[in-house]
Amino acid sequence: MRWLASPIPKITNFRFLKLSPPQILVLGFAAVILTGTLLLMLPMSSTSGVSLKFIDALFTATSATCVTGLVVVDTGTYFTVFGQIVIMLLIQVGGLGFMTMATLFALVLKRRISLRDRLILQEAMNQSSMEGIVRLIRKVLIYSLVIEAAAAAILSLRWAFDMPLGRAVYFGIFHAVSMFNNAGFDIFGDYRSLTGYVNDPIVNFVVMFLIISGGIGFIVMSDLVEFRHTRRLSLHSKVVLSMTAALILLGAVVIFVFEFTNSRTMGPLSFGGKIWAAFFQSVTPRTAGANTLDIGSLRQASQFFIVILMFIGASPGSTGGGIKTTTFTLMIGAVISMLRGREDIVLFRYRLAQERVFKALTITLLALLLVVSVSMILSTTEDRAFLMILFETTSAFATVGLSMGLTPELSQFGKILISLTMFAGRLGLLTLAYAIGPKQGKQLYKYPEGKMIIG
């Protein structure tokens, strides 16, 4: 923690490391995962008193830190309270970011945030500048703790009718942290997630609110809180809110139609239960991972549609993954502009720079390449249907955590590959690319323009 308090001149003491902000983020997340792995391997973390295998502990720690929710052992029955608390702390640190948590301690101790720290925070929060970055971090911490505390209280009161008060409070806190950070871990046992509360309006509403709040991003959350004073929303917030609402509504309609008569999912439910189930299964691909219906029992059309929703994911600066709603919106805008014969992409009467289009295209193609490559490899190592493999791979990349049941049955190689996919999805493919090979300087010349036939 000393380097957080160091004045700017002392930053040169650490330049022998020659680490860029993306590289520090990669190593920081790796260190958190390794620490969590060692803690989960302790005999006191498992109910049997037997140490968890390294590969399984690594997978669980990666899933928790990358706020995914895919599990190879049942969280509710395999781990002790100590092990579950370790997982919850990994979720909190992974969701908000280890630099955000480090900044929290620095602010509490009234330490100075150095220039180097601000650069890392800028990279971690996916911001275009350092201006107001510490103020944003303060808001992130306040909003997160307030929302989690309020949701934990409501869930605790609800579950107090089903279990002892102390256990209800513990369940409320764990699931509030897990769902707000879009992790999807649950401690109900037997891999059943929230299927026991498919008809419960309180649990459904609170959990969906947590998922959406954590998924829209802290910049949007800040805009919404300050809207009563400013009476305006930024372009970013307008795009995120409109696309999030559109995807949730579209997803609910599609799942409602496909699953309405499915006797293994929504068929036995009342009409109101079907509505709750449709919306919940539409919200959770925002990268949350909780479910109130058995995902493996959904029709293939529903499962494939959820794959698409997971791939899009949450929004920038949030606790979620995927290519992000803004990237998807920009790609849709580019298609519409091309079909209309326009050169510029215009959203809410704002023209977007071409470099944004290139970035969106790069992120989308890299994500597709990763998902397709991992799915192809797993299809040769795991003896399962391709849709199941594609579903699990997309869930890992987008840090969702929804599963069709493949993850607990993965081979050792499959666990390692999915762990790496979760790690890449949480950090972001561009961040990893910059960490491996730093960006080149500004191009000082241009080549002559060439022509080629497209389409």
Side-chain angles (χ1 to χ4, degrees), residues 33 55-75 78 94 178 182-186 190-195 251 255 264-265 281-282 284-314 320-323 366-427 429:
I33 290 172
I55 187 63
D56 292 338
L58 177 65
F59 188 99
T60 305
T62 303
S63 183
T65 306
C66 298
V67 291
T68 304
L70 291 175
V71 294
V72 289
V73 294
D74 184 59
T75 310
Y78 186 89
S178 178
N182 282 212
F185 278 85
D186 74 277
D190 301 322
Y191 301 101
R192 65 179 183 265
S193 191
L194 298 174
T195 53
I255 292 172
R264 296 183 299 168
T265 56
Q281 265 57 234
S282 177
T284 195
R286 296 267 68 75
T287 79
N291 56 285
T292 57
L293 296 177
D294 180 13
I295 300 300
S297 298
L298 296 174
R299 292 192 167 112
Q300 287 191 351
S302 301
Q303 292 168 345
F304 186 73
F305 186 75
I306 289 176
V307 168
I308 297 173
L309 292 179
M310 291 192 298
F311 185 78
I312 297 171
I323 63 171
L366 286 176
L368 277 173
L369 180 62
L370 176 65
V371 170
V372 169
S373 300
V374 173
S375 297
M376 289 177 62
I377 295 172
L378 289 179
S379 66
T380 62
T381 62
E382 316 297 322
D383 185 21
R384 292 294 183 272
F386 184 75
L387 179 58
M388 179 181 284
I389 292 173
L390 177 64
F391 192 99
E392 225 81 0
T393 302
T394 308
S395 181
F397 158 72
T399 69
V400 178
L402 289 176
S403 175
M404 291 175 60
L406 173 63
T407 301
E409 302 175 4
L410 285 171
S411 63
Q412 299 295 314
F413 177 79
K415 292 175 183 177
I416 295 173
L417 191 57
I418 289 294
S419 295
L420 292 174
T421 304
M422 291 188 290
F423 188 72
R426 178 64 184 95
L427 282 168
L429 297 177

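Quick note: numbers below take in every heavy atom, side chains included, and nothing from hydrogens, waters or symmetry partners. We count residues from 1, following the sequence as given.
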Checklist entry - So, do Leu406 and Phe391 sit near enough that their side-chain heavy atoms are less than 4.5 Å apart? => result no
Checklist entry - Which value, rounded to the nearest 0.5 Å, describes the distance between Lys415 atom NZ and Asp56 atom CG? => result 3.5 Å
Item to check | Minimum-distance pair of heavy atoms, taken over all atoms of Gly251 and Phe305 | outcome: CA-CE2, 3.5 Å
Item to check | Chi angles and distances behind the side-chain contact (heavy atoms from CB on, under 4.5 Å) call for Leu429, Phe397 | outcome: CA-CA 10 Å; Leu429 297 177; Phe397 158 72; 4.1 Å; yes
Checklist entry - What's the verdict on side-chain contact (heavy atoms from CB on, under 4.5 Å) for Asp186 and Leu194, showing C-alpha distance, side-chain angles and the deciding distance? => result CA-CA 8 Å; Asp186 74 277; Leu194 298 174; 5.5 Å; no
Checklist outcome for this item: For Met310 and Ala398 the tightest heavy-atom approach is O-CB, 2.9 Å
Checklist entry - Taking only residues two or more places apart in sequence, or in another chain, which ones meet Ser411 in a side-chain hydrogen bond (donor to acceptor under 3.5 Å, both in side chains)? => result Glu382
Checklist entry - Between Asn182 and Thr399, does a side-chain contact (heavy atoms from CB on, under 4.5 Å) hold up when you go through it step by step? => result CA-CA 8 Å; Asn182 282 212; Thr399 69; over 6 Å; no
Item to check | Backbone N/O of Thr292 and side chain of Thr195: donor-acceptor pair under 3.5 Å | outcome: no
Checklist outcome for this item: Val71 and Phe185 have their tightest heavy-atom pair at CG1-CE2, 3.4 Å
Checklist entry - Taking all atoms of both residues into account, what is the closest heavy-atom pair of Ile306 and Pro285, and its distance? => result CG2-CG, 3.9 Å
Checklist entry - What is the minimum heavy-atom distance between Val371 and Phe311, and which atoms define it? => result CG2-CE1, 4.2 Å
Next on the checklist: Distance check, rounded to the nearest 0.5 Å: Thr65 atom OG1 versus Ile33 atom CD1?
Outcome noted: 5.0 Å
Checklist entry - Got a sec: does the CZ of Phe304 have more than 12 other heavy atoms crowding it under 6.0 Å? => result no
Checklist entry - At what distance, to the nearest 0.5 angstrom, does OH of Tyr191 lie from CG of Asn291? => result 13.5 Å
Next on the checklist: With a 3.5 Å distance limit and no angle check, can you tell me whether Thr380 reaches the backbone of Ile377 through a side-chain donor-acceptor pair?
Outcome noted: yes
Checklist entry - How many angstroms lie between CG in Asp74 and CG in Asp190, if you round to the nearest 0.5 Å? => result 6.0 Å
Item to check | Audit row: Thr381, Leu417, side-chain contact (heavy atoms from CB on, under 4.5 Å) steps and yes/no | outcome: CA-CA 11 Å; Thr381 62; Leu417 191 57; over 6 Å; no
Next on the checklist: Any salt bridge linking Arg384 with Glu392? Criterion: basic side-chain nitrogen under 4.0 Å from a carboxylate oxygen.
Outcome noted: no
Item to check | Spacing of Ile389 atom CD1 and Thr394 atom OG1 [to the nearest 0.5 Å] | outcome: 11.5 Å
Checklist entry - Is any side-chain heavy atom of Ile418 closer than 4.5 Å to a side-chain heavy atom of Thr407? => result no
Checklist entry - Is there a donor-acceptor pair closer than 3.5 Å between any side-chain N or O of Thr68 and the backbone N or O of Val400? => result no
Next on the checklist: Looking at every non-hydrogen atom in both residues, tell me the closest pair between Gly313 and Thr287 and how far apart they are.
Outcome noted: CA-CG2, 3.8 Å
Checklist outcome for this item: Taken to the nearest 0.5 Å, the spacing of Leu293 CG from Ile255 CD1 works out to 8.5 Å
Checklist entry - Under a 4.5 Å cut-off applied to non-hydrogen side-chain atoms, are Leu70 and Phe59 in contact? => result yes
